[in-house]
Amino acid sequence: MQIRPFTQSDWPQVWPILQEVIRAQETFPYDPAMTAGQAYDMWVEQPPGLTVVAVDGGAVLGTAKMGTNRPGPGSHVATASFMVAREARGRGVGTALCRYTLDWARSRGYAGMQFNAVVATNTAAVELYRREGFAVVGTVPGAFRHPTLGRVGLHVMYQEFPDATVLGAA
């Protein structure tokens, strides 16, 4: 498996992954009626952010986007989001993408990485992020409407980079 920057030619394989995850309404607080164009504008980061794909041969197995979490005084903290194709889950794709985003953020001098809305019932993601050094720093009770479980919590997760040399705005 290789992780590389997203190119326009990847979109025909990335969109079905995003579409399936978004429409399931189990792990991302995105509008399930989102169009391909809206999803593209939301998912494909502009510099200094980055969108990547995990590929095996010609197949896109997953994708991640990363960038600055907030502008101005919050610009020293990064954020990222991940989606993995159903058929590729459980094969280390999410772990590889998470590690890639952490390396990306550290190499750019961010002081840490924050995930703003991790669905509490998405145990695979929560466990992955904890293994990679993130902690739940807060949970907003009932902030996510799960299609079968009802209202569940959204975690805010954070990992500080203690050796970061923050250069002001990242």
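Remember, it's a predicted structure, so these values are computed and weren't measured experimentally.
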Separation between CD (Gln13) and CG (Leu61), nearest 0.5 Å, reads 9.0 Å
Just wondering, more than 12 heavy atoms not from Arg145 lying within 6.0 Å of its CZ?
no
Please report whether the ring centroid of Phe115 lies less than 6.0 Å from that of Phe82.
yes
Does any non-hydrogen side-chain atom of Val52 lie less than 4.5 Å from one of Met66?
yes
Heavy-atom distance under 4.5 Å between the side chains of Arg70 and Val77, does that happen here?
no
I'd like to know if the side chain of Thr35 reaches the main chain of Gln38, judged simply by a donor and an acceptor atom lying under 3.5 Å from each other, with no hydrogens or angles considered.
yes
Does Val84 offer a backbone N or O that forms a donor-acceptor pair with the side chain of Arg89 under 3.5 Å?
yes
For Trp11 and Pro16, the nearest pair of non-hydrogen atoms, with its separation, is O-CD, 4.2 Å
Flag yes if Ile3 and Leu102 sit in one hydrophobic cluster, no otherwise; membership is Ile, Leu, Val, Met, Phe, Trp, Tyr, and two members link when side-chain heavy atoms are under 4.5 Å apart.
yes
Is Gln8 close to Tyr40 at the side-chain level, that is, under 4.5 Å between some pair of heavy atoms?
yes
Any donor and acceptor pair, going by atom type alone, linking the side chain of Gln159 with main-chain N or O of Glu132 inside 3.5 Å?
yes
Using side-chain contact (heavy atoms from CB on, under 4.5 Å) as the criterion, point out the one residue from Leu97, Ile22, Val14 that pairs with Met83.
Ile22
Looking at Gly49, is its backbone amide N or carbonyl O close enough to the side chain of Lys65 to form a donor-acceptor pair, meaning the two atoms are under 3.5 Å apart?
no
Can you name the closest pair of heavy atoms from Thr101 and Ala64 and give their distance?
CG2-CB, 4.1 Å
Contact check, side chains of Leu18 and Met34, non-hydrogen atoms, under 4.5 Å:
no
Under 3.5 Å, side chain of Thr27 to main-chain N/O of Val21, donor-acceptor pair present?
no
Closest approach of Glu26 to Val119 (non-hydrogen atoms, all atoms of both residues):
O-CG1, 3.7 Å
Considering all heavy atoms, the nearest Gly142-Arg151 contact
O-NE, 3.1 Å
